[in-house]
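Labels below follow one simple rule: chain letters A, B, ... track the order of the sequence lines, proteins then strands, and each chain is numbered from 1.
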Protein chains: 2
Amino acid sequence: MSVVSFDRFSITGESPIYLQILRYVQRGIVAGTIADGEELPSRRVLSALLGVNPNTVQKAYRLLEEEGLAVSHPGAKSYVSFTTEQLSAIRIQLTEDSARRAVESMREMGVSLEEAEALLRRLWKEEAP
Amino acid sequence: MSVVSFDRFSITGESPIYLQILRYVQRGIVAGTIADGEELPSRRVLSALLGVNPNTVQKAYRLLEEEGLAVSHPGAKSYVSFTTEQLSAIRIQLTEDSARRAVESMREMGVSLEEAEALLRRLWKEEAP
DNA sequence: CAAACTGTACTACTTGACTAATACGGCTCC
DNA sequence: GGAGCCGTATTAGTCAAGTAGTACAGTTTG
């Protein structure tokens, strides 16, 4: 099985490195570019590639394992591992669920749909890379 | 003019104290319980009431002034001051955190702005009374 | 088996956010 | 005009997050 590629990954300094690594893998899983069973680069290899400390990568991998998206065993390689149920769960969790909370919050505050749309476009532009 | 009451305010430790004070006033303004021109408790009085340092209150008041919701002059009392145009801006800002998380998630999942707008309108109608 | 990898645990350093302590100068009102 | 308020600036302490350095133990592979 192939190894997860981090060629399209770069550190931006806008958020903690370990979170950027975590989101990169999550995004890859949902986008289909990272498949179930794929091998993850070792902590040392990836840390050397990114120029950070192995523990920073370890933190990201530990979070992945806590979410059930990867499996790790002492001394052995780590692998991406998820079920189709988890995939849809992640998709919902990361998109519609957060959007629903935002909508609910805005409605409680009396924000109009037009204001919400304006806010959406503004935030979308702000978060652009 | 009456003084802004903090009787219904209590520190929860879930977020910085100065932000809790800021949001309390913002919510009060949006809810209509705090009117334009009302007098704010002095930094020292409110800090003694809450059991925190005057500078913590000062930080909240300074943010209020930066947002144009209060006016302060050296040696004089501070007052709440806002226009009707600012009301909608406050409502949007109070929900901006959840909205920002939603936008961030959708961007990570590769959702386009158009799809996000469609999702927003759909969720908006679903939550309608 | 042994070398070279692997994951993991522990400690330490750096940095920024948050809060506190203190001091200074301006307004107000008797 | 002076006592007692007021807002403000400056400095310092506290704490957690993030990252780094190092060491230990297990697995793989030749």
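Within the 4.0 Å cut-off from OP1 or OP2 of D:dA20, at least one side-chain nitrogen or oxygen of A:T56 is found.
Pairs passing the salt bridge (charged side-chain N to carboxylate O under 4.0 Å, His left out) check and including a residue from residues 42-69 of chain B, sequence neighbours excluded, read B:R62-B:E66.
When the side chain to side chain contact (heavy atoms under 4.5 Å, CB included) test is applied to A:A70, the partners found at least two apart in sequence or on another chain are A:L40, A:L64. Residues satisfying the side chain to side chain contact (heavy atoms under 4.5 Å, CB included) criterion with A:V71, sequence neighbours excluded, are A:Y79, A:S81. The side chain to side chain contact (heavy atoms under 4.5 Å, CB included) search around A:L113 returns A:E117, B:L120, B:R121, B:W124, not counting sequence neighbours.
Atom OH in B:Y61 sits roughly 11 Å away from atom P in D:dT8 (whole-Å rounding). Atom OH of B:Y79 and atom P of D:dC6 are 11 Å apart (whole Å). Between A:N53 atom CG and D:dA23 atom P the separation is 14 Å, expressed in whole Å. If you measure from atom CD of B:E65 to atom P of D:dG7, you get 10 Å, rounded to the nearest angstrom. Put simply, NE2 on A:H73 is 14 Å from C1' on C:dT8, counting in whole angstrom units. Here D:dT19 presents its P atom at 8 Å from CD1 of A:I11, a figure rounded to the nearest Å. For B:Q58 and D:dC6, the CD to P distance is 13 Å, given to the nearest whole Å. Rounded to whole Å, the distance from CZ on B:R62 to C1' on C:dA17 is 13 Å.
Listed in residue order, the members of residues 39-51 of chain B having a heavy atom less than 4.0 Å from DNA chain C come to none. Contact check of residues 17-26 of chain B against DNA chain C (heavy atom, cut-off under 4.0 Å) returns B:I17, B:Y18.
Of the possible polar contacts, one joining the A:Q20 side chain to the A:T12 backbone as a donor-acceptor pair under 3.5 Å is found.
Side-chain atoms of B:P16 lie closest to C:dC18 of the nucleotides C:dC18, D:dA20, D:dG7.
The two residues A:S88 and A:E85 come nearest to each other via the heavy atoms OG-O, 3.0 Å.
If B:G75 and A:G75 are placed on DNA chain D by their nearest nucleotide, the residue sitting closer to the 5' end is B:G75.
For A:E96 and B:R122, the salt-bridge test passes: some basic side-chain N is under 4.0 Å from an acidic carboxylate O.
With contacts defined as side-chain heavy-atom distances shorter than 4.5 Å, the pair B:V57/B:Y18 does not qualify. Considering only heavy atoms from C-beta on, A:P41 comes within 4.5 Å of A:Y61 through its side chain.
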